[in-house]
Amino acid sequence: MLDPKLLRNQTTFVAEQLSRRNIVFNVEAYTQLESKRRELQVKTQELQNERNTRSKSIGKAKAAGENIQPLLSQVAELGDALKAAEQSLAEVQAELEQLIQGLPNLLHASVPDGRNEDENVEIRHWGEPTVFDFEPKDHVDLTHGKGMDFETGAKLTGSRFVVMQGGIARLHRALTQFMLDVHTQHHGYEEMYVPYLVNQDSLFGTGQLPKFEEDLFKLQHDNEYYLIPTSEVPVTNLVRDEIIEAKRLPLRFTAHTPCFRSEAGSYGKDTRGMIRQHQFEKVELIQIVHPEQSWEALEELTGHAENILQRLELPYRVMLLCAGDTGAAAAKTYDLEVWLPGQGKYREISSCSNTQDYQARRMQARWRNPETQKTELVHTLNGSGLAVGRTLVAVLENYQNTDGSVTIPKALRGYMGGCKKILEK
RNA sequence: GGAGAGGUGGCUGAGUGGUCGAAAGCACCGGUCUUGAAAACCGGCGACGGUUUACCCCGUCCCAGGGUUCGAAUCCCUGCCUCUCCGCCA
């Protein structure tokens with residue numbers, strides 16, 4: 001959520017910034033609503049003040065043993081006027097809240113203009129696309145009949161589900177363990193286990209609700225629970241409604257969870273293989289930091305995700321998302337794209353964002369500044385470290401051999417019981 | 001699933017209709033003392049919002065949402081959560 005004060009005091013500036021995201025912010029309508037709010041609030045508070053003052057004098061008179069009847073009759077009309085004022089104020093406030101809660105974050109100055117992913121900018125790359133002396137297969141052909149089974153996934157549930165078997169299932173698990181170990185042992189993150197079902201408050205805090213409900217799976221249950229679309233939701237919300245001591249910052253959490261996405265609106269997109277599933281595993285990186293350190297933290301966090309790809313010796317590039325492709329909560333986002341020989345393309349495998357105080361304000365996640373003794377909003381960052389399913393695809397496709405087998409990357413062999421190759425005949 | 005007890009400031013914990021935004025303690029901040037530190041003592045110390053150059057002042061908030069009342073932390077209703085005991089269960 002944007003700072004309401006910023007919106008109020010620098011409305012045209014905010015509107016200009018929002019136009020970078022192709023959002024037309026109606027300054028005049030907002031200004032009118034805001035001045036209406038001000039007017040109603042002053043009026044309501046005056047009435048409340050009067051009620052409080054009179055009630056107190058009634059209390060005093062009663063304590064003094066005086067007759068309070070005349071005082072009571074004086075207050076009679078006040079109640080209705082106050083109730084009416086309170087109600088219209090609540091309506092205007094609700095309207096304003098809805099308006100401001102729907103606005104995305106302001107973009108960092110370094111974010112390039114652009115409408116969609118075609119205008120993202122490559123910042124750097126690592127390694128070169130893998131060279132084969134044969135025609136490389138994609139992961140679907142490579143694993144067909146050998147342990148990656150989309151037909152059975154569809155039988156059990158529906159489209160965009162998979163069943164994995166044997167060495168592939170093990171490799172998938174090995175990747176998860178490997179990622180968690182690297183982040184906890186080398187990058188200073190603390191491993192967390194969190195719920196996979198969350199309530200609306202949590203989804204509001206990280207910004208999925210109210211605007212992006214159609215992307216979520218909602219449970220048919222008395223409680224309004226949702227399956228998490230990413231562990232960013234439960235992990236970031238750990239600090240919701242908390243005031244954190246300065247010396248505890250930065251907080252660095254990592255968690256492995258399944259993620260569930262409805263993929264509404266992506267019909268016909270990536271229908272083949274494991275790239276876009278309704279259920280996938282992800283190892284997430286979350287940082288809760290001092291506001292002045294979030295930009296530095298974004299570079300670090302991105303580096304932590306990159307480190308996984310480097311250890312796996314997978315070629316990738318780092319993309320800076322343009323204005324039109326940056327998510328609503330983020331002020332700036334780097335995507336990591338891994339080389340997929342089967343597609344002959346780089347594909348997103350991680351997304352690392354600094355949301356600054358956007359989520360923190362929605363969550364009321366604060367820290368106490370020792371200099372001022374006041375509470376201030378923290379900054380929150382998140383990034384995939386990495387999407388496990390897509391990493392599995394990347395390993396399979398980049399490490400395939402001409403006989404259809406797949407060599408296990410050196411970094412993973414310890415997690416595979418020393419196994420060097422899978423899918424051998 | 002059955003029975004009971006609770007949800008109050010950063011934390012612990014008083015407060016059952018009238019200057020209660022709320023005792024006390026801890027933590028924290030400032031000061032006195034001390035060579036320094038600790039202890040002791042003195043003082044300060046909730047969040048959010050409105051107005052204001054600022055001070056002040058005002059409003060809202062004692063789990064959430066309704067209700068009763070001139071007036072609610074306190075009474076009533078609903079929901080959520082926590083704890084204890086019993087039952088069931090991975």
Side-chain angles (χ1 to χ4, degrees), chain A residues 1-9 11 31 33-101 193-205 209-210 218-219 221-226 234 237-249 251 288 290 357 360-378:
Chain A
M1 199 167 97
L2 296 179
D3 184 355
K5 277 184 189 157
L6 182 73
L7 183 59
R8 203 177 300 152
N9 300 330
T11 313
T31 309
L33 196 60
E34 173 56 26
S35 64
K36 198 169 159 193
R37 188 222 97 234
R38 191 186 309 242
E39 191 183 307
L40 281 168
Q41 182 157 345
V42 170
K43 185 178 159 197
T44 305
Q45 293 191 352
E46 276 171 4
L47 287 168
Q48 286 172 328
N49 183 15
E50 191 172 342
R51 177 206 57 197
N52 292 344
T53 313
R54 295 202 180 196
S55 290
K56 277 180 187 172
S57 63
I58 290 174
K60 279 184 191 165
K62 206 176 169 188
E66 294 169 21
N67 179 17
I68 59 169
Q69 273 315 313
L71 289 172
L72 285 180
S73 55
Q74 279 175 26
V75 204
E77 293 156 25
L78 197 61
D80 291 339
L82 178 58
K83 212 165 234 178
E86 279 176 342
Q87 198 183 331
S88 31
L89 176 62
E91 281 166 14
V92 171
Q93 272 174 338
E95 207 176 324
L96 266 175
E97 262 171 36
Q98 209 174 351
L99 184 89
I100 192 168
Q101 286 169 2
Y193 174 86
V194 292
Y196 304 156
L197 300 179
V198 292
N199 59 32
Q200 291 180 315
D201 288 343
S202 294
L203 288 159
F204 177 82
L209 288 182
K218 185 177 185 177
L219 262 65
H221 185 268
D222 292 346
N223 296 312
E224 304 230 307
Y225 291 158
Y226 295 78
N237 273 279
L238 290 169
V239 296
R240 171 153 55 84
D241 294 323
E242 299 290 336
I243 297 173
I244 301 155
E245 281 179 69
K247 63 186 174 192
R248 288 185 62 209
L249 296 177
L251 296 174
I288 313 293
H290 186 293
D357 62 12
R361 184 171 290 106
R362 295 169 84 95
M363 293 191 298
Q364 281 303 297
R366 294 156 297 170
W367 66 292
R368 196 175 292 281
N369 187 337
E371 287 174 24
T372 59
Q373 284 301 110
K374 291 285 174 192
T375 56
E376 298 173 18
L377 295 168
V378 296

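Only this structure's heavy atoms are used, side chains among them; waters, hydrogens and symmetry mates stay out. Chain naming here is simple, since letters A, B, ... match the order of the sequence lines and numbering starts at 1 in each. Since the structure is predicted, the reported quantities are computational estimates derived from the model, not experimental observations.
Nucleotides B/rA64 and B/rU82 place their C1' atoms 15 Å apart, quoted to the nearest Å. Distance check on atom C1': B/rA37 versus B/rA54 gives 39 Å, rounded to whole Å. Distance check on atom P: B/rU52 versus B/rU69 gives 37 Å, rounded to whole Å. Across B/rA73 and B/rU19, the matching P atoms stand 10 Å from one another, rounded to whole Å. Comparing B/rG31 with B/rA39, their C1' atoms sit 16 Å apart, to the nearest whole Å. Rounded to whole Å, the separation between the C1' atoms of B/rA72 and B/rC77 comes to 15 Å. Rounded to a whole angstrom, the distance from the C1' atom of B/rG17 to that of B/rG71 is 8 Å. Here the separation of B/rC63 from B/rG9, taken at their C1' atoms, is 14 Å to the nearest Å.
A/Arg37 is linked by a salt bridge (Lys or Arg N to Asp or Glu O under 4.0 Å) to A/Glu34, counting only residues two or more places apart in sequence or in another chain. The side chain to side chain contact (heavy atoms under 4.5 Å, CB included) test applied to A/Ser55 returns A/Arg51, not counting sequence neighbours. Shown here are the side chain to side chain contact (heavy atoms under 4.5 Å, CB included) partners of A/Lys374, two or more places apart in sequence or in another chain: A/Thr372. Under the side chain to side chain contact (heavy atoms under 4.5 Å, CB included) criterion, A/Leu238 pairs with A/Met192, A/Val235, A/Phe253, not counting sequence neighbours. With sequence neighbours excluded, the residues satisfying side-chain hydrogen bond (donor to acceptor under 3.5 Å, both in side chains) with A/Arg361 are A/Asp357. Taking the salt bridge (Lys or Arg N to Asp or Glu O under 4.0 Å) definition, one finds that A/Arg54 meets it with A/Glu50, sequence neighbours left out. Applying the salt bridge (Lys or Arg N to Asp or Glu O under 4.0 Å) criterion to A/Glu224, with sequence neighbours excluded, gives A/Lys218.
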Under 3.5 Å, which donor-acceptor pairs do the side chains of residues 84-97 of chain A form with other protein atoms, sequence neighbours left out?
| unit_1 | atom_1 | unit_2 | atom_2 | d |
| --- | --- | --- | --- | --- |
| A/Glu86 | OE2 | A/Gln48 | NE2 | 3.0 |
| A/Ser88 | OG | A/Ala84 | O | 2.9 |
| A/Ser88 | OG | A/Ala85 | O | 3.3 |

For residues 241-248 of chain A, run the donor-acceptor check on the side chains, cut-off 3.5 Å, and write out each pair with its distance to 0.1 Å, sequence neighbours left out.
none

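Applying the Watson-Crick and G-U wobble criteria (two distances, each under 3.5 Å), B/rC61 pairs with B/rG46. B/rU53 is unpaired under the criterion used here, namely a Watson-Crick or G-U wobble arrangement in which both key atom distances are under 3.5 Å. Using Watson-Crick or G-U wobble geometry with both donor-acceptor distances under 3.5 Å, B/rC75 finds its partner in B/rG67. Base-pair partner of B/rU16: not found among the strands shown (Watson-Crick or G-U wobble, both distances under 3.5 Å). When both pairing distances are held under 3.5 Å, B/rG25 makes a Watson-Crick or G-U pair with B/rC11. Nucleotide B/rC85 has B/rG2 as its partner under the Watson-Crick or G-U criteria, with both atom distances under 3.5 Å.
Between the CD atom of A/Glu46 and the C1' atom of B/rG59 there is a distance of 11 Å, rounded to whole Å. The interatomic distance linking A/Leu96 (CG) with B/rC48 (C1') rounds to 16 Å, in whole Å. Taking atom CZ of residue A/Arg366 and atom C1' of nucleotide B/rA47, one finds them 7 Å apart after rounding to whole Å. In this structure, the CD1 atom of A/Ile244 is 22 Å from the P atom of B/rA27, given to the nearest Å. Taking atom CD1 of residue A/Ile243 and atom C1' of nucleotide B/rC48, one finds them 11 Å apart after rounding to whole Å. Rounding to whole angstrom units, CD of residue A/Glu376 and P of B/rG10 are separated by 16 Å. Taking atom CG of residue A/Leu377 and atom P of nucleotide B/rA47, one finds them 13 Å apart after rounding to whole Å. A/Leu89 has its CG atom 14 Å from the C1' atom of B/rC48, to the nearest Å.
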Strictly under 3.5 Å: I want the nitrogen or oxygen pairs between protein and nucleotides 50-54 of chain B, one per line.
| unit_1 | atom_1 | unit_2 | atom_2 | d |
| --- | --- | --- | --- | --- |
| B/rG50 | OP1 | A/Arg8 | NH1 | 2.0 |
| B/rG50 | OP1 | A/Arg8 | NH2 | 3.0 |
| B/rG50 | O4' | A/Gln41 | NE2 | 3.2 |
| B/rU51 | OP1 | A/Arg38 | NH1 | 2.5 |

Polar atom pairs between nucleotides 70-74 of chain B and protein, under 3.5 Å, N or O only, would you list them?
| unit_1 | atom_1 | unit_2 | atom_2 | d |
| --- | --- | --- | --- | --- |
| B/rC70 | O2' | A/Ser55 | OG | 3.0 |
| B/rG71 | O4' | A/Ser55 | OG | 3.1 |

Check nucleotides 61-67 of chain B for protein N or O atoms closer than 3.5 Å to its own N or O atoms and list the pairs.
none

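For the pair A/Gln93 and A/Arg368, nearest-nucleotide mapping onto RNA chain B gives the more 5' position to A/Arg368. Taking for each of A/Thr53 and A/Lys374 the nucleotide of RNA chain B with the nearest heavy atom, the 5'-most of the two is the partner of A/Lys374.
Summarising the geometry of A/Leu377 relative to A/Gln364, their closest heavy-atom pair is CD2-NE2, 4.4 Å, with the distance given to 0.1 Å. A/Val378 and A/Ala360 get closest at one heavy-atom pair: O-CB, 3.1 Å.
Side chains of A/Gln45 and A/Gln41 form a contact here, defined as non-hydrogen atoms less than 4.5 Å apart.
When the side-chain nitrogen and oxygen atoms of A/Asn49 are compared with OP1 and OP2 of B/rC58, none of them lie within a distance under 4.0 Å.
A donor-acceptor pair is defined here as one N or O able to donate and one able to accept, closer than 3.5 Å; such a pair exists between the side chain of A/Arg362 and the backbone of A/Phe204.
When heavy atoms are screened at a 4.0 angstrom cut-off, A/Thr375 is found touching the sugar-phosphate backbone but no base atom.
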Is there a side chain to side chain contact (heavy atoms under 4.5 Å, CB included) between A/Asn237 and A/Val198 once you walk through the steps?
CA-CA 10 Å; A/Asn237 273 279; A/Val198 292; over 6 Å; no

